[in-house]
Amino acid sequence: MVAGVERILSKAHARAREPALYWGCYPMVPWAGRLSNGRIPTSDGEVRLEPNLPPSAIHGLGFDKSWEIVERSETAVTMRCELRGLGWPFGGRALQTLTLGVRSLELELQVGGYTRAGPAGLGWHPWFTRPPSADVELCIDAAEVLVLDADLIPTGQVRPVTPIEDLRSGPPVGDRRLDHAYVHAKSPAIVRWPDLELRIEYDSSLQTVVVHTPPEAICVEPQTMWPNAPLLVAAGVRDTGLRTLEPGDSLRATERWTWTS
(Lines give C-alpha, C1' and ligand atoms only; values in the text may rest on other atoms or scores of the structure.)
Protein backbone atom coordinates (compact mmCIF):
# COMPACT_ATOMS: atom_id res chain seq x y z
CA MET A 1 0.00 0.00 0.00
CA VAL A 2 1.36 3.43 -1.01
CA ALA A 3 -0.35 6.72 -0.13
CA GLY A 4 -3.21 4.76 1.42
CA VAL A 5 -4.00 2.78 -1.74
CA GLU A 6 -3.13 -0.77 -2.75
CA ARG A 7 -0.93 -0.57 -5.85
CA ILE A 8 -0.33 -4.33 -6.30
CA LEU A 9 -3.23 -6.62 -7.17
CA SER A 10 -3.78 -9.00 -4.26
CA LYS A 11 -4.96 -12.60 -4.21
CA ALA A 12 -8.06 -11.44 -2.36
CA HIS A 13 -9.00 -9.00 -5.13
CA ALA A 14 -12.48 -9.75 -6.47
CA ARG A 15 -11.18 -10.35 -9.99
CA ALA A 16 -7.84 -11.90 -9.08
CA ARG A 17 -7.48 -15.50 -10.22
CA GLU A 18 -5.56 -18.57 -9.23
CA PRO A 19 -2.80 -19.57 -9.62
CA ALA A 20 -0.14 -17.11 -8.41
CA LEU A 21 0.61 -16.17 -12.03
CA TYR A 22 -2.26 -13.67 -11.91
CA TRP A 23 -1.60 -11.45 -8.88
CA GLY A 24 1.13 -9.97 -6.70
CA CYS A 25 4.67 -9.15 -7.79
CA TYR A 26 7.00 -12.08 -8.30
CA PRO A 27 10.49 -12.79 -9.65
CA MET A 28 10.81 -14.65 -12.93
CA VAL A 29 13.70 -17.12 -12.58
CA PRO A 30 15.50 -19.12 -14.03
CA TRP A 31 13.77 -17.89 -17.19
CA ALA A 32 11.35 -15.08 -18.01
CA GLY A 33 8.28 -15.16 -20.24
CA ARG A 34 7.04 -18.06 -22.32
CA LEU A 35 8.87 -21.18 -23.49
CA SER A 36 6.99 -22.80 -26.36
CA ASN A 37 5.88 -26.27 -25.21
CA GLY A 38 8.48 -26.00 -22.44
CA ARG A 39 11.26 -26.78 -24.94
CA ILE A 40 14.91 -25.94 -24.23
CA PRO A 41 17.50 -27.14 -26.77
CA THR A 42 20.90 -27.98 -25.26
CA SER A 43 24.13 -29.57 -26.50
CA ASP A 44 23.08 -32.73 -24.65
CA GLY A 45 19.65 -32.91 -26.27
CA GLU A 46 16.33 -31.19 -25.78
CA VAL A 47 14.94 -30.55 -22.30
CA ARG A 48 11.17 -30.56 -21.87
CA LEU A 49 9.55 -28.68 -19.00
CA GLU A 50 5.95 -29.20 -17.93
CA PRO A 51 3.76 -26.44 -19.44
CA ASN A 52 2.05 -24.49 -16.65
CA LEU A 53 0.06 -22.37 -19.12
CA PRO A 54 -0.36 -24.77 -22.05
CA PRO A 55 1.12 -24.82 -24.60
CA SER A 56 3.81 -22.80 -22.77
CA ALA A 57 5.95 -23.09 -19.68
CA ILE A 58 5.84 -19.55 -18.42
CA HIS A 59 7.59 -17.17 -15.99
CA GLY A 60 10.07 -19.56 -14.40
CA LEU A 61 9.84 -21.68 -11.28
CA GLY A 62 9.98 -19.25 -8.36
CA PHE A 63 6.62 -17.49 -8.49
CA ASP A 64 4.68 -20.14 -6.53
CA LYS A 65 7.49 -21.78 -4.54
CA SER A 66 8.71 -21.32 -0.99
CA TRP A 67 11.67 -18.99 -0.51
CA GLU A 68 13.87 -19.39 2.55
CA ILE A 69 14.78 -16.18 4.39
CA VAL A 70 18.57 -16.08 4.76
CA GLU A 71 18.98 -12.52 6.06
CA ARG A 72 16.55 -9.94 7.37
CA SER A 73 16.59 -6.44 8.87
CA GLU A 74 13.98 -3.74 9.49
CA THR A 75 14.22 -2.53 5.88
CA ALA A 76 15.62 -5.44 3.84
CA VAL A 77 15.18 -9.16 3.32
CA THR A 78 17.21 -11.69 1.32
CA MET A 79 15.56 -14.96 0.27
CA ARG A 80 16.77 -18.12 -1.46
CA CYS A 81 15.02 -20.68 -3.66
CA GLU A 82 16.73 -23.96 -4.52
CA LEU A 83 16.03 -24.92 -8.15
CA ARG A 84 17.22 -28.49 -7.78
CA GLY A 85 14.20 -30.78 -7.50
CA LEU A 86 11.81 -28.37 -9.24
CA GLY A 87 12.08 -30.04 -12.64
CA TRP A 88 15.05 -27.85 -13.63
CA PRO A 89 17.79 -30.24 -14.79
CA PHE A 90 20.57 -27.63 -14.53
CA GLY A 91 20.41 -27.30 -10.75
CA GLY A 92 21.33 -24.02 -9.12
CA ARG A 93 19.63 -21.56 -6.83
CA ALA A 94 18.05 -18.13 -6.94
CA LEU A 95 18.55 -15.25 -4.50
CA GLN A 96 16.41 -12.13 -4.25
CA THR A 97 16.90 -9.11 -2.03
CA LEU A 98 14.24 -6.45 -1.40
CA THR A 99 15.23 -3.19 0.27
CA LEU A 100 12.54 -0.71 1.29
CA GLY A 101 13.13 3.03 1.60
CA VAL A 102 10.80 5.86 2.53
CA ARG A 103 9.75 6.35 -1.10
CA SER A 104 11.60 3.55 -2.85
CA LEU A 105 11.95 -0.19 -3.27
CA GLU A 106 15.15 -1.79 -4.55
CA LEU A 107 14.94 -5.25 -6.09
CA GLU A 108 17.90 -7.52 -6.78
CA LEU A 109 17.67 -10.99 -8.32
CA GLN A 110 20.43 -13.50 -9.00
CA VAL A 111 20.68 -17.05 -10.31
CA GLY A 112 23.73 -19.33 -10.32
CA GLY A 113 25.22 -22.51 -8.96
CA TYR A 114 24.32 -24.59 -12.02
CA THR A 115 25.64 -28.15 -12.06
CA ARG A 116 25.77 -28.20 -15.88
CA ALA A 117 25.61 -25.57 -18.59
CA GLY A 118 22.11 -24.19 -19.05
CA PRO A 119 20.05 -21.14 -20.03
CA ALA A 120 19.27 -18.30 -17.67
CA GLY A 121 17.00 -15.29 -17.69
CA LEU A 122 15.62 -12.99 -15.01
CA GLY A 123 12.81 -10.51 -14.57
CA TRP A 124 9.97 -9.24 -12.39
CA HIS A 125 6.24 -9.49 -12.95
CA PRO A 126 4.20 -6.93 -10.99
CA TRP A 127 0.41 -6.73 -11.29
CA PHE A 128 -0.39 -3.04 -10.72
CA THR A 129 -3.95 -2.15 -9.76
CA ARG A 130 -6.21 -0.06 -11.97
CA PRO A 131 -8.58 2.33 -10.13
CA PRO A 132 -12.25 1.68 -10.94
CA SER A 133 -13.14 5.30 -11.75
CA ALA A 134 -9.94 6.72 -13.28
CA ASP A 135 -7.31 5.86 -15.84
CA VAL A 136 -3.65 5.00 -15.52
CA GLU A 137 -0.91 6.35 -17.79
CA LEU A 138 2.02 4.21 -18.88
CA CYS A 139 5.34 5.25 -20.43
CA ILE A 140 7.64 2.69 -22.09
CA ASP A 141 10.56 4.19 -24.04
CA ALA A 142 10.70 1.66 -26.88
CA ALA A 143 9.96 1.92 -30.59
CA GLU A 144 9.84 -1.81 -31.44
CA VAL A 145 8.02 -4.95 -30.34
CA LEU A 146 8.47 -8.63 -31.09
CA VAL A 147 6.25 -10.30 -33.66
CA LEU A 148 4.12 -12.94 -31.90
CA ASP A 149 2.26 -15.97 -33.19
CA ALA A 150 -1.28 -17.00 -32.19
CA ASP A 151 0.01 -18.46 -28.90
CA LEU A 152 1.85 -15.19 -28.04
CA ILE A 153 5.20 -16.84 -28.80
CA PRO A 154 7.85 -14.61 -30.47
CA THR A 155 8.74 -15.64 -34.01
CA GLY A 156 12.16 -13.98 -33.87
CA GLN A 157 11.11 -10.98 -35.94
CA VAL A 158 10.96 -7.38 -34.69
CA ARG A 159 8.62 -4.67 -35.99
CA PRO A 160 7.87 -1.01 -35.24
CA VAL A 161 5.13 -0.23 -32.74
CA THR A 162 1.70 0.73 -34.05
CA PRO A 163 -0.01 3.89 -32.72
CA ILE A 164 -1.98 1.82 -30.19
CA GLU A 165 1.21 0.11 -29.00
CA ASP A 166 3.32 3.28 -28.85
CA LEU A 167 3.72 4.20 -25.17
CA ARG A 168 6.66 6.61 -25.49
CA SER A 169 4.56 9.69 -24.70
CA GLY A 170 3.02 8.13 -21.56
CA PRO A 171 -0.58 7.93 -22.80
CA PRO A 172 -3.60 6.75 -20.80
CA VAL A 173 -3.92 2.98 -21.06
CA GLY A 174 -7.70 3.15 -21.50
CA ASP A 175 -9.04 0.17 -23.40
CA ARG A 176 -5.69 -0.76 -25.01
CA ARG A 177 -5.45 -4.52 -24.55
CA LEU A 178 -1.73 -5.15 -24.83
CA ASP A 179 0.28 -8.33 -24.34
CA HIS A 180 3.48 -7.24 -26.07
CA ALA A 181 7.24 -7.59 -25.67
CA TYR A 182 8.95 -4.21 -26.17
CA VAL A 183 12.61 -4.55 -27.13
CA HIS A 184 15.59 -2.20 -26.69
CA ALA A 185 13.52 -0.46 -24.03
CA LYS A 186 15.24 2.38 -22.18
CA SER A 187 14.91 2.87 -18.43
CA PRO A 188 12.78 4.02 -16.70
CA ALA A 189 9.26 2.74 -17.25
CA ILE A 190 6.70 5.05 -15.64
CA VAL A 191 3.25 4.22 -14.26
CA ARG A 192 1.01 7.17 -13.33
CA TRP A 193 -2.12 6.88 -11.25
CA PRO A 194 -4.20 10.04 -10.70
CA ASP A 195 -2.49 10.51 -7.30
CA LEU A 196 0.93 8.86 -7.74
CA GLU A 197 3.81 8.45 -10.18
CA LEU A 198 5.95 5.31 -10.04
CA ARG A 199 9.33 5.21 -11.81
CA ILE A 200 10.68 1.73 -12.53
CA GLU A 201 14.39 2.08 -13.18
CA TYR A 202 16.15 -1.05 -14.41
CA ASP A 203 19.74 -1.95 -15.21
CA SER A 204 21.12 -2.32 -18.74
CA SER A 205 20.67 -6.11 -18.78
CA LEU A 206 16.87 -5.64 -18.68
CA GLN A 207 16.20 -4.34 -22.19
CA THR A 208 13.02 -6.30 -22.89
CA VAL A 209 9.82 -5.08 -21.22
CA VAL A 210 6.63 -7.10 -21.53
CA VAL A 211 3.45 -5.07 -21.08
CA HIS A 212 0.12 -6.75 -20.34
CA THR A 213 -3.05 -4.70 -19.80
CA PRO A 214 -6.08 -6.84 -18.92
CA PRO A 215 -9.10 -4.96 -17.48
CA GLU A 216 -8.14 -5.56 -13.86
CA ALA A 217 -4.44 -4.65 -13.85
CA ILE A 218 -1.33 -3.37 -15.64
CA CYS A 219 1.77 -5.55 -15.84
CA VAL A 220 5.16 -3.96 -16.60
CA GLU A 221 7.80 -6.70 -16.75
CA PRO A 222 11.46 -5.78 -17.38
CA GLN A 223 13.44 -8.93 -18.17
CA THR A 224 16.89 -9.94 -19.39
CA MET A 225 15.72 -12.23 -22.22
CA TRP A 226 13.11 -12.40 -24.93
CA PRO A 227 10.30 -14.86 -24.33
CA ASN A 228 11.12 -18.21 -26.00
CA ALA A 229 14.77 -17.21 -26.31
CA PRO A 230 16.25 -20.75 -26.07
CA LEU A 231 14.40 -21.94 -29.17
CA LEU A 232 15.05 -18.68 -31.02
CA VAL A 233 18.80 -18.85 -30.31
CA ALA A 234 18.85 -22.46 -31.50
CA ALA A 235 17.25 -21.23 -34.75
CA GLY A 236 19.99 -18.61 -35.24
CA VAL A 237 18.21 -15.53 -33.90
CA ARG A 238 20.56 -13.03 -32.24
CA ASP A 239 20.22 -10.31 -29.62
CA THR A 240 17.67 -12.20 -27.49
CA GLY A 241 19.44 -11.50 -24.19
CA LEU A 242 19.64 -15.20 -23.32
CA ARG A 243 22.58 -16.17 -21.12
CA THR A 244 24.09 -19.63 -20.91
CA LEU A 245 25.54 -20.23 -17.46
CA GLU A 246 28.39 -22.63 -16.87
CA PRO A 247 28.98 -24.06 -13.39
CA GLY A 248 30.44 -21.21 -11.35
CA ASP A 249 28.72 -18.48 -13.42
CA SER A 250 25.87 -16.29 -12.21
CA LEU A 251 23.43 -13.75 -13.64
CA ARG A 252 22.23 -10.70 -11.71
CA ALA A 253 19.63 -8.01 -12.39
CA THR A 254 18.41 -4.99 -10.43
CA GLU A 255 15.48 -2.59 -10.39
CA ARG A 256 14.67 0.50 -8.33
CA TRP A 257 11.12 1.71 -7.85
CA THR A 258 10.57 5.28 -6.65
CA TRP A 259 7.26 7.03 -6.16
CA THR A 260 6.05 10.60 -5.74
CA SER A 261 2.60 11.97 -4.99
Side-chain angles (χ1 to χ4, degrees), residues 1-13 16 20 22-30 32 59-60 62-81 93-112 121-131 134-142 167 170 173 182 185-213 217-224 250-261:
M1 182 176 292
V2 179
V5 178
E6 290 286 355
R7 307 295 172 171
I8 298 291
L9 192 70
S10 70
K11 182 179 180 180
H13 191 280
Y22 296 109
W23 50 273
C25 176
Y26 50 82
M28 296 184 287
V29 58
H59 296 342
F63 65 87
D64 61 351
K65 303 300 188 298
S66 296
W67 289 69
E68 175 191 5
I69 295 176
V70 296
E71 188 174 348
R72 177 170 51 190
S73 71
E74 291 185 357
T75 57
V77 61
T78 297
M79 296 170 281
R80 177 173 58 214
C81 181
R93 66 193 58 85
L95 286 173
Q96 62 170 329
T97 298
L98 307 177
T99 304
L100 184 64
V102 175
R103 291 184 175 271
S104 67
L105 177 65
E106 297 182 9
L107 305 93
E108 178 180 338
L109 186 60
Q110 183 173 325
V111 64
L122 302 173
W124 285 273
H125 194 307
W127 287 81
F128 294 118
T129 56
R130 301 179 71 162
D135 207 347
V136 176
E137 298 175 350
L138 178 58
C139 180
I140 305 292
D141 189 358
L167 304 175
V173 174
Y182 291 79
K186 300 176 184 177
S187 177
I190 299 174
V191 183
R192 295 189 187 96
W193 290 268
D195 63 330
L196 193 81
E197 176 178 289
L198 173 66
R199 292 172 62 88
I200 303 172
E201 298 173 281
Y202 46 89
D203 72 49
S204 59
S205 70
L206 298 156
Q207 293 190 9
T208 299
V209 178
V210 173
V211 173
H212 181 38
T213 59
I218 293 174
C219 304
V220 182
E221 311 159 35
Q223 52 197 60
T224 62
S250 64
L251 176 64
R252 175 179 174 270
T254 61
E255 285 188 13
R256 178 178 172 85
W257 297 6
T258 57
W259 51 85
T260 55
S261 300

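Note that the structure is a prediction, hence the values are computed from the model and not measured.
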> Which pair of heavy atoms, one from Leu105 and one from Leu107, lies closest together, and at what distance?
Replying inline: O-CD1, 3.7 Å

>> To the nearest 0.5 Å, what is the distance between CZ on Arg252 and OG on Ser205?
In response: 9.0 Å

> In Å, rounded to the nearest 0.5 Å, how long is the span from OH of Tyr22 to NE2 of His212?
Replying inline: 8.0 Å

>> Is there a side-chain contact between Val210 and His125 in this structure, where contact means two heavy atoms from C-beta onward sitting under 4.5 Å apart?
In response: no

> Taking the side chain as C-beta and beyond, is there a heavy-atom pair between Pro188 and Ile200 under 4.5 Å?
Replying inline: no

> Looking at OG of Ser250 and CZ of Arg93, how far apart are the two atoms once the value is rounded to the nearest 0.5 Å?
Replying inline: 11.0 Å

> Does a side-chain heavy-atom distance below 4.5 Å link Val173 with Arg130?
Replying inline: yes

>> Please evaluate residues Glu106 and Thr254 with respect to the criterion side chain to side chain contact (heavy atoms under 4.5 Å, CB included), reporting the C-alpha separation (whole Å), side-chain torsions for both, the decisive distance (0.1 Å), and the verdict.
In response: CA-CA 7 Å; Glu106 297 182 9; Thr254 61; over 6 Å; no

> What are the two closest heavy atoms between Ala185 and Val209, and how far apart are they?
Replying inline: CB-CG2, 3.7 Å

> Hey, mind stepping through Gln96 and Leu109 against side chain to side chain contact (heavy atoms under 4.5 Å, CB included) and telling me if it holds?
Replying inline: CA-CA 4 Å; Gln96 62 170 329; Leu109 186 60; 3.8 Å; yes

> Shortest non-hydrogen contact from Leu122 to Ala253?
Replying inline: CD1-N, 3.8 Å

> Rounded to the nearest 0.5 Å, how far apart are CD of Glu221 and CG of Leu206?
Replying inline: 12.0 Å

>> As an exercise, state the distance from CG of Leu198 to CD1 of Ile190, rounded to the nearest 0.5 Å.
In response: 9.0 Å

> Can you list every pair that meets side-chain hydrogen bond (donor to acceptor under 3.5 Å, both in side chains) and has a residue in residues 63-77, with sequence neighbours left out?
Replying inline: Glu68-Arg80

> Got a donor-acceptor contact below 3.5 angstrom from the Ser187 side chain to the Tyr202 backbone?
Replying inline: yes

> Is there a side-chain contact between Gln110 and Pro27 (heavy atoms, below 4.5 Å)?
Replying inline: no

> Which pair of heavy atoms, one from Pro126 and one from Ile8, lies closest together, and at what distance?
Replying inline: CB-CD1, 4.3 Å

> Which heavy atom of Trp259 sits nearest a heavy atom of Leu100, and at what distance?
Replying inline: CH2-CD1, 4.2 Å

>> Let's go through Trp124 and Glu255 carefully: what are the C-alpha distance in whole Å and the side-chain angles of both, what is the deciding distance for side chain to side chain contact (heavy atoms under 4.5 Å, CB included) to 0.1 Å, and is it a yes or a no?
In response: CA-CA 9 Å; Trp124 285 273; Glu255 285 188 13; 3.1 Å; yes

> What are the two closest non-hydrogen atoms of Gly121 and Thr224, and how far apart are they?
Replying inline: CA-OG1, 3.4 Å

>> Please report the interatomic distance SG(Cys139) to CZ(Arg199), rounded to the nearest 0.5 Å.
In response: 9.0 Å

> Considering residues at least two apart in sequence or located in another chain, which fulfil the ring-ring contact (aromatic ring centres under 6.0 Å, His included) criterion with Trp257?
Replying inline: Phe128

> Hey, does Trp193 have a side-chain heavy atom less than 4.5 Å from the side chain of Arg7?
Replying inline: yes

> After noting the C-alpha distance and the side-chain angles of Met79 and Leu98, does the key distance pass the side chain to side chain contact (heavy atoms under 4.5 Å, CB included) rule?
Replying inline: CA-CA 9 Å; Met79 296 170 281; Leu98 307 177; 4.2 Å; yes

